[in-house]
Amino acid sequence: MMIMQQNTWIPLFPEQASTFAGDVDLLYFYLIAISAFFTIGIVAAIFFFVVKYREREAFATPKEIHGSIALETLWSIIPFIISMTVFLGGAIVYYNQYRVPDEAMDVYVVGKQWMWKIQHATGQREINELHVPVGRKVKLTMTTEDVLHDFFIPAFRTKMDVVPGRYTTMWFEATKPGKYHLFCAEYCGLNHSGMGGWVYVMEQRDFDNWLAGNVSGQTPVEAGRDLFENKLGCASCHQGGKDQRGAVLEGIFGKEVKFTNGQSAIVDDAYLRESILNPGAKIVEGYQPIMPTFKGQVTEEQLVQLIAYIKSLSGDAGTTSQTAATAAPKASPEAAANSNMPSSETKGGN
Amino acid sequence: MEHRVDETIEVQQDDHQEHIGLPGYFAVFLILFVGTIVTYVVALQDLDGALFPGANTLVALSIAFFKMSCVILFFMHVRWSSKLIWLTAVSGFFWLAIMFAFTMGDYLTRSTGTF
Amino acid sequence: MANHADTHDDHYHPPGLQHQFDDMKQQMDSVTIGMWVFLVQEIMFFGGLFTVYLVFRSKFPMAFAAGSNHLNAFWGGLNTLVLIVSSLTMALAVYYAQKGNRNLQVAMIVLTMIFGTVFLGVKAIEYTDKYNHGLIPVAGLNKKVRENEAHAEKTASLVLPFETQVSAASTEESHVYVNPEGNFQWNYGTELAQMAQAGNFLTADEKVGYLSNGEVDPAKFRDKVQIFYWIYFVMTGLHAVHMIIGLGVMAWLLRKAWLGTFSAAYFSPVEISGLYWHFVDIVWIFLFPLLYLLGRHFIH
Amino acid sequence: MQNVDAINLENIKEEAPVNYLTNGFTLRSWLLTKDHKRIAIMYLLSISVFFMLGGLYASAIRLELLTPASDLLESGTYNKVFTQHGVIMVFLFLIPAIPAVLGNFLIPLMIGAKDLAFPRINLLSLYIYWIAGALIVFALLQGGVDTGWTFYTPYSTTFSNSYVMLVGLGVFVNGFSSILTGLNFIVTIHTMRAPGMTWFRLPLFVWAQYATSLVMILGTPVIAITVLLLALERLVGIGIFDPAIGGDPILFQHLFWFYSHPAVYIMILPGMGVISELISNFSRKKIFGYEFIAFSSIAIAVFGFLVWGHHMFVSGQSIYAGLVFSFLTMVVAIPSAIKVFNWSATLYKGSISYDTPMLYGLFFLGLFMIGGLTGLFLGSVGLTVHLTDTYFIVAHFHYVMVGGQVLAYLGGIHYWWSKMTGKIYSEFWGKISAMLVFVGFNLTFFPQFILGYLGMPRRYASYPPEFQVLNIFSTAGASILGIGLTLPVIYLTYSFFFGAKASANPWMHPGLEWRTSSPPPTENFDVPPVVTWEAYEFGEESGLDIEGARKSVVAPTV
Ligand code: HEA
Ligand code: HEA
Ligand code: CUA
Ligand SMILES: [Cu+2]
C-alpha cells in the first residue's frame, strides 16, 4: 500500500497524485519556458553587447540613440499578450480548484494548534492523517479552533487556508495510491512545522476496510507511541522541551499528582484514561486546562495502546523517555500477542 | 534660456489675495450651515422606505460630499490653486476609493459565510 | 526665473526666508505643496478607518443603527456647526493675514481656538455620557453602579425636542442601570434586529452574527454594537487628537500673529495651518452622518 | 547668463576648503545638522547596523535549516529569528536603504538645490527612524516577536506571547519616518530644481525616487493605522479582527497588504533608479527610451496599488476578487518588463566598462529578471495555490529584494562612494566581492525555487529529510554570500580612512552631482548651477573637458 516517493539524490519535482497535478505542472512548465526564453534571450544579448561594445577608448562618447516608439510598443504588447495567456491559464486552473463538484465525498477538517482533526462522513475520526480512496472526488470543509492554518498537500498541488469563524472548502481527486505529505502552510505559532502528517490514498476496497477499522501488526506500546507522536498529536503538547505546554508524562505512572483544586491522586490506568477522555476534570497543578478531549476520537483499542505507551515512559529501566522507548518493545512481546491486554481497571469507562 | 522651475505652478502671489472676499466666505459658510441642518433633518425621515433602500445613506453622503467640496474649493483655495494642488487633492480621494472598492469587492462576492 | 541664480549674490533676506530657498515664492510653493501632500497622507490614514467602518457597517447594519441611535445627534450636530464656524474664522484669519490686518487676524485665530475648544468640550460631554451609560467598550472603564444604587435612567438624557417624536420609544423608555463591574453593556434592547428579522432584511453576516436558534441573541447582538462603539471611539478619538494638535498649531500661530509676523508678502504659515484645520473639519463632516445619523430613521 | 559656464569642470575647485564632512567635527554638529548629506551619512551608518543584525538572523536561519530536525534552534526561537529577520530587513533596512541614504544625499545635488525643501523635517525623519529602531531593538532584547513579519491576526492579537505591541509600535513610528522622507522628496523635486533642470532633464534616479515617494505617501499611512488597530485589538480587544465576536481576521490582511504590496515597490523602484544611472554611465550613453523608463516608474507606483490581493489567493478571499487581482498583477508586470528591455537596449553600441558598480548593475539585471518572472508564476493564480507559503515565495522575494534592491544599493554606494567620501576604494576587492555575492546569492536562493515546488512550506523550523540536500546547498551559498557582503564593509571603511583622494568627476558624467567637488561643500555648489544640457549627454555638449580627462587616464579598465 505504501509507495515511497522516488528517491533520487536531489529531488526536483514532486509526485503527481491528483487530477490537478497535471494542469498545474503544465502551467508551471509553460512559465518556465517563458522565463527561460526571456532570461536566456536577454542574458545572451547583454553578454553579446558587453563583449562587443566594451570600452575601447576612455570616456568615449558613443552616438546617442534616443529610443524607438516602435520597439517600445513591441516590447510592451508582446509581454502583455504573454502575460494574459499566463493569467488565463492560471484562472482556469484556479476556477476548477475552487468550484467544488456536487458529487464529492465529504470530509470535515478542523485545525488546531498544532494538529489536524479530521472526520469522515461515516463518523470515522483521525488525527494528522487523512485516508481517502483513489479516483473519488473529495471535498474538505475546513475550519479552525484558534488561528489561521493551511491544509497543504504538495502531491495534489492544492492548499487552502483554514480561517477561524468561517468554513473554507477545497477539493481534490487523488489519482495514485500512496502516502503523501500533509503540511500546515500558514504560520500558526510554536509548532507550525510540526503540524503535519500524511495523506493515504488507497484503493476503494482498502479504504472500505480501513473505514471498517483495521488492525496493525504493531505492539500496543509501539502503536501507542505512534498514536502519541504522530497520529493524535499528543507530542505537540507533551514533547516540546522547554516550551512544552502539557504536563510532563515521563515517570508519572504510580506517582502522586497534585491538582489545581488542591486534591491529588495516584496515577493509574483509570486516571490516565480519564485524563485523555475528560482532561478538564482534573487539572494538574501548574498547567492550563487546554488539553482537548479525545472522547470519540480514540477507539477503546487506541486508548489501551496509549496507556501502554505512557506506562512505558515510566518503565523500570529508568525515567528518561529514550531508555523507556527503546526498552519498551522488548518489554512487552507477550502483551503484543494479546490484544485484550487492558487490565480490569480501565474497563470502567463509558 | 528662461526655464521655469515648475511649469505647473503658475499662481502669482497676488492671486492669493482676493479670492471671493468676505461675502464669499460668508456665503460658503451659510451653505455649509444649511447643509448640516438638512442632513440632520433628512436623516430622520425614512427615505429608505419611501424611495429605495439605501436612499438615506446616499442623501447623507451626497450632502457631506458637497460640503467637503465647498470647503476644499473655497476655504482651502483649491479653486484658485495650481493644477498640481488639484491633482494632489484628487489623488488622495482617488486612492481612498481604490481601497474601498477592492476591499468591498472581496466582501461582496465571497461565497462562504461566517459562523 | 532668471533671477534664480542672481538672488544668491545680493544678501537681502526677507523675513522668514529659509536658507535652502532662493526666494519667497519658492518657499511659499514648497510649503503649500508640502502641506497638501501631508493632507493626502492624512486622508489615507483616516481612510484605513473608514474602510473598517465600511466593512463592518455593510456586515452589521442593524447593530450599527442601534449603536448610532444611542449617540446624541444633537450634540454631534452642534459640534458640526461649531467646526464649520471655526472653519469660517480660520478662513478669515488667512484672509486678514493676507491683508496684513494684525488685529482682526489675531481675533480670528482666537475665535478659531475658542470654537476648537468648544468642540472638544462637547466631545468630553458626549464621552462622559457614554461613560455613564456603560457604552465605553473597555471592561471596567464605565461608571460602576451596584444593584442597590441602581436608579432608573432615560436612555438618552440629551435630546432635542423634535427628536422625541421620531424616536419616541427610545427617549421615553427608561431602564435600570446596573453595572457593578463597569463593563460595556447594551441593555437598550434588540428591537432593531428583531424588526429586521421580521422584515427579512438581515444580511447573511447578521443572521450568523445575531441569531441563536433563530432568535436574536442579546449577547451576540451586544458584541456587534460594541464593534460599532469601538469604531466610534477610535475615529472620533483620533479626530480629537488632530483637533488638539490643531489647537497647538493655533497657539503657535497666535504668537506669531501677535508679533505681527505676517503680511501680504509672508503668510504661508497661516495658510497651511488653515489647510490643516479645514481638513480636520472635513473629516468631521463625514464622521457626523456616518456615526450619528445613518440608521436614525428606523423607528426605535 | 554669465553663470552658464561657471559650472564647468575647470571652475570646480578639486577640493573645497571646507566640505560637508569637515564642516564641524563635534557630535552636536552632526546631531543637529540640517545638511541632507550629513543626514544621509547618519542613515548609512544606522542602516548598515540593521543590515548586519538582519544578516546575523539570516545566518541563524540558514544554520538551523542545515539539518531537517530543529536541533540548533528550538522551534519557538526559530520563529522569532525569521520574524525578526524579516521585520528588520524590510522596515529598518530595505525600505529606507536607497531613499534615505542615496536619495537624501543625491537628490538635491542632482537637481542643483542647496538642500531638500525641508531640512528640519529631514532630520526629524532620521530621529523618528532611530526611535523606531530603538523600539524594535528593545523589543528584541525583551524577548522578541514571533508572528512573522506579516503579523497575521488572530495569531498576533490573541495567541502570540511575544512583544507584538512593541514591535508594532516600532513599525508604526517608522512609518512616519518614511512618510516624511517621501513628502520632502516630492516637494523638493517639484520646487527646488535649478534653472534649466526641466522634468525631462532629471536623472532617472530622481524620477524613481519621485515614484517611490508617491507610494510612501499614499501607502504608509495605511500600515500605520493598521498596526494601531492591531495594537488596540491586542491591548483591549476591539474585536474587529476577532472572529469570536464577529470580527474578520482577513480584514487585517487587506489592510496590511494594501500597504505592503506597494511597499515592495518602495523596495525596488529606487533600485531601478540606481540601475538606470549605472547602466547609462558605464555604457556612456543616454538611457534608451528615457521617457519610458521615467513613466514606467510612475506606472508601477500607481498600478502597484491595485494588486494587493495576490497575497491572499488562498486566504479565503472571494475567488472573483482573486481573479481580478491576478489579472491586475499581470498588468503591473509590464512596466518592469519595459524597463528591463530598455536597460538592455542601452548597452547596444555603448562603450561599456566593467567597474564594480557596473558589475552590480549587470547582476541586478539578471537577478531581478528571474525574481520578476517568478513573480509571474505567483501572479498566475492557479499556480499560486500550490506555490504560496512555500520556499518558492521565499526565493522569489529574495531574488527581487536581495538580487534586486540590495545589489542596486551596493552598486550605488560604490558608484557614488567617491562623491560621498572623496576617496577611492579598492577596485580589486570590489570586483572580488561582487562576484562572491553573485555566486553566493544564486547558490543560496536558486535551490529554494525547487524546494518550493517540491512543497517545502516556509517558516518551518524542521522539515522532512528528503529536502535536506537542497537546503545544504542553500546554506553553503549563504556562507559565500555572507563573505561577499562582509568584504565591502571592510574595504569601504578602509578607503574612507586611508584611500586615495578621488577627483570631482571620475566618470566624466554630465550630471550635476558630479559638477561639484568631492565631497561637496555644505551648500552643495559654490556657484548656483544652471542646466543647459540634456540628461546623460556624455559628449562635449555637456561642457566637460573630456579630451583632458582622457589624457590623464592611463588605460581603460577592462
Ligand atoms: C522588491 C520587492 C518585490 C518586487 C519588485 C516584487 C515584484 C513582483 N511580485 Fe512579489 N513579493 C515580494 C517582493 C517583491 N515582489 C515579497 C516580499 C513577497 C512575499 C511577502 C510575504 O508573504 O512574506 C512577494 C510575494 C508575491 C506574491 C504572493 C505570493 C503568495 O504569497 O502567494 C505574488 C503573487 O502574485 C508576487 C508577484 C509579483 C509580481 C508579479 C511582481 C512584478 O512586479 C515583477 C515584474 C518583473 C518582471 C516581470 C521581470 C522583468 C520582465 C521581463 C524579463 C520581460 C518578460 C515579462 C513578461 C512576459 C511579462 N509577489
Ligand atoms: C529585505 C530584505 C531581506 C534581505 C536582505 C534578506 C537576506 C537574506 N535572507 Fe531573508 N527574508 C526576508 C527579507 C530579507 N532577507 C523576509 C521579509 C523574510 C520573511 C520573513 C517571514 O517569513 O516573516 C525572509 C525570510 C528568509 C528565509 C525563510 C525563513 C522561513 O520561512 O523559515 C530565509 C531562509 O533561507 C532567508 C534567508 C536569507 C539570507 C540567507 C539572506 C542573505 O542575503 C543575508 C546576507 C547578509 C549577511 C550575511 C550579513 C552581511 C554582513 C555584513 C553587512 C557585515 C558583516 C557583519 C559582521 C562583521 C558581523 N530569509
Ligand atoms: Cu497550523 Cu501552521
Ligand atoms: Cu505583492
Side-chain angles (χ1 to χ4, degrees), chain A residues 10-12 14 24 27-28 31 35 38-39 42-43 45-46 49-50 53-55 58-62 64-65 67 72 75-76 79-80 83 86-87 89-91 93-94 97-98 146-148 150 154 157-161 163-166 168 183 185-193 241 243, chain D residues 74-76 148 152 154-155 159 243 284-286 288-289 292 314-316 319 323 326-327 330 333-334 337-338 341 344 347-353 365-366 369-370 373 376-377 380-383 385-386 389 450 454-455 457 459-462 464 466 469-470 508 538-539 546 549-550 553 556:
Chain A
I10 305 179
L12 292 177
V24 174
L27 199 57
Y28 182 57
L31 270 149
S35 305
F38 281 103
T39 311
I42 291 180
V43 169
I46 291 177
F49 292 158
V50 163
Y53 303 114
R54 68 182 175 277
E55 181 179 52
F59 308 124
T61 31
E64 184 178 297
I65 306 172
E72 302 285 355
W75 63 44
S76 312
F80 181 74
S83 72
V86 173
F87 161 68
V93 174
Y94 180 70
Q97 292 208 1
Y98 283 110
D146 36 49
V147 300
L148 300 171
D150 186 299
R157 309 285 188 278
T158 187
K159 68 159 75 72
M160 184 68 203
D161 272 15
V163 184
R166 301 225 343 235
T168 51
F183 292 122
E186 185 65 78
Y187 177 65
C188 55
L190 183 67
N191 212 4
H192 164 59
S193 57
D243 294 303
Chain D
E74 273 181 299
S75 54
Y152 273 11
Y155 181 71
F159 290 85
R284 293 196 62 76
K285 254 180 90 223
K286 178 169 180 153
F288 189 87
F292 285 87
V314 302
S315 70
I319 70 168
L323 292 175
S326 170
F327 170 77
M330 296 300 152
I334 305 302
I338 294 179
F341 293 128
S344 313
L347 299 172
Y348 175 69
K349 292 201 169 163
S351 165
I352 300 166
S353 50
L365 284 188
M369 191 156 60
I370 296 179
L373 284 164
L376 289 189
F377 288 55
S380 175
V381 49
L383 203 45
V385 172
H386 177 57
D389 278 316
I450 304 169
L454 283 171
R459 298 171 171 173
Y460 262 30
S462 57
E466 63 259 36
V469 184
L470 287 163
M508 294 313 279
F538 285 91
I546 292 175
R550 249 178 228 154
V553 168

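Note on naming: letters A, B, ... go to the chains in the order of the sequence lines (proteins, then strands), and numbering restarts at 1 for each one.
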Top of D:Lys285, D:Arg459, D:Met330 for chain A proximity - count of heavy-atom pairs under 4.5 angstrom: D:Met330
Toward chain A, the part of D:Ile370 with a non-hydrogen atom under 4.5 Å: side chain
Side chain to side chain contact (heavy atoms under 4.5 Å, CB included) between D:Leu365 and A:Ile42, intermediate numbers included: CA-CA 9 Å; D:Leu365 284 188; A:Ile42 291 180; 6.0 Å; no
Winner by heavy-atom pair count (cut-off under 4.5 Å) against chain D, out of A:Gly89, A:Cys188, A:Gly90: A:Gly90
Options A:Leu148, A:Val43, A:Thr158, ranked by heavy-atom pairs under 4.5 Å with chain D, top entry: A:Leu148
Least distance between heavy atoms, A:Glu55 atom then D:Ser353 atom: OE1-CB, 3.5 Å
Contact class of D:Leu454 relative to chain A, heavy atoms under 4.5 angstrom: both
Nearest non-hydrogen partners of A:Ala91 and D:Leu323, listed with the distance: CB-CD2, 3.6 Å
D:Phe538 versus chain A, the contacting section by heavy-atom distance below 4.5 Å: both
Test ring-ring contact (aromatic ring centres under 6.0 Å, His included) applied to A:Tyr94 - qualifying residues, sequence neighbours left out: A:Tyr98
Nearest-0.5 Å distance, OG of residue D:Ser315 to CG of residue A:Asp161: 6.0 Å
Selection from D:Lys349, D:Met369, D:Lys286 maximising heavy-atom pairs under 4.5 Å formed with chain A: D:Lys349
For A:Ser35 against D:Phe377, the heavy-atom pair lying closest together: OG-CE1, 3.2 Å
Interface moiety of A:Ala45 toward chain D, non-hydrogen atoms closer than 4.5 Å: neither
Residue, of A:Val93, A:Val86, A:Asn191, A:Asp150, that accumulates the most heavy atom pairs under 4.5 Å with chain D: A:Val86
Segment of D:Phe327 engaging chain A (4.5 angstrom heavy-atom cut-off): both
Contacts of D:Ser326 that satisfy side-chain hydrogen bond (donor to acceptor under 3.5 Å, both in side chains) - sequence neighbours left out: none
Non-hydrogen atoms of D:Arg284 and A:Pro62 that approach each other most closely: O-CD, 3.1 Å
Reported CG-to-NE2 distance for the pair A:Leu27 and D:His386, which is rounded to 0.5 angstrom: 11.5 Å
Chain A contact via D:Ile334 - side chain, backbone, both or neither, heavy atoms under 4.5 Å: side chain
Closest contact, heavy atoms only, A:Phe183 versus D:Gly455: CE1-O, 3.3 Å
Chain A contacts, top residue of D:Pro154, D:Ala461, D:Gly350 (heavy-atom pairs, under 4.5 Å): D:Gly350
Heavy-atom pair with the smallest gap, counting every atom of D:Ile338 and A:Ser76: CD1-OG, 3.3 Å
Rounded distance (nearest 0.5 Å) linking atom OG of D:Ser351 with atom OH of A:Tyr53: 12.0 Å
D:Phe288 portion near chain A, given a 4.5 angstrom heavy-atom threshold: both
Closest-packed option against chain A by number of heavy-atom pairs under 4.5 Å, given D:Gly148, D:Ser462, D:Gly539: D:Ser462
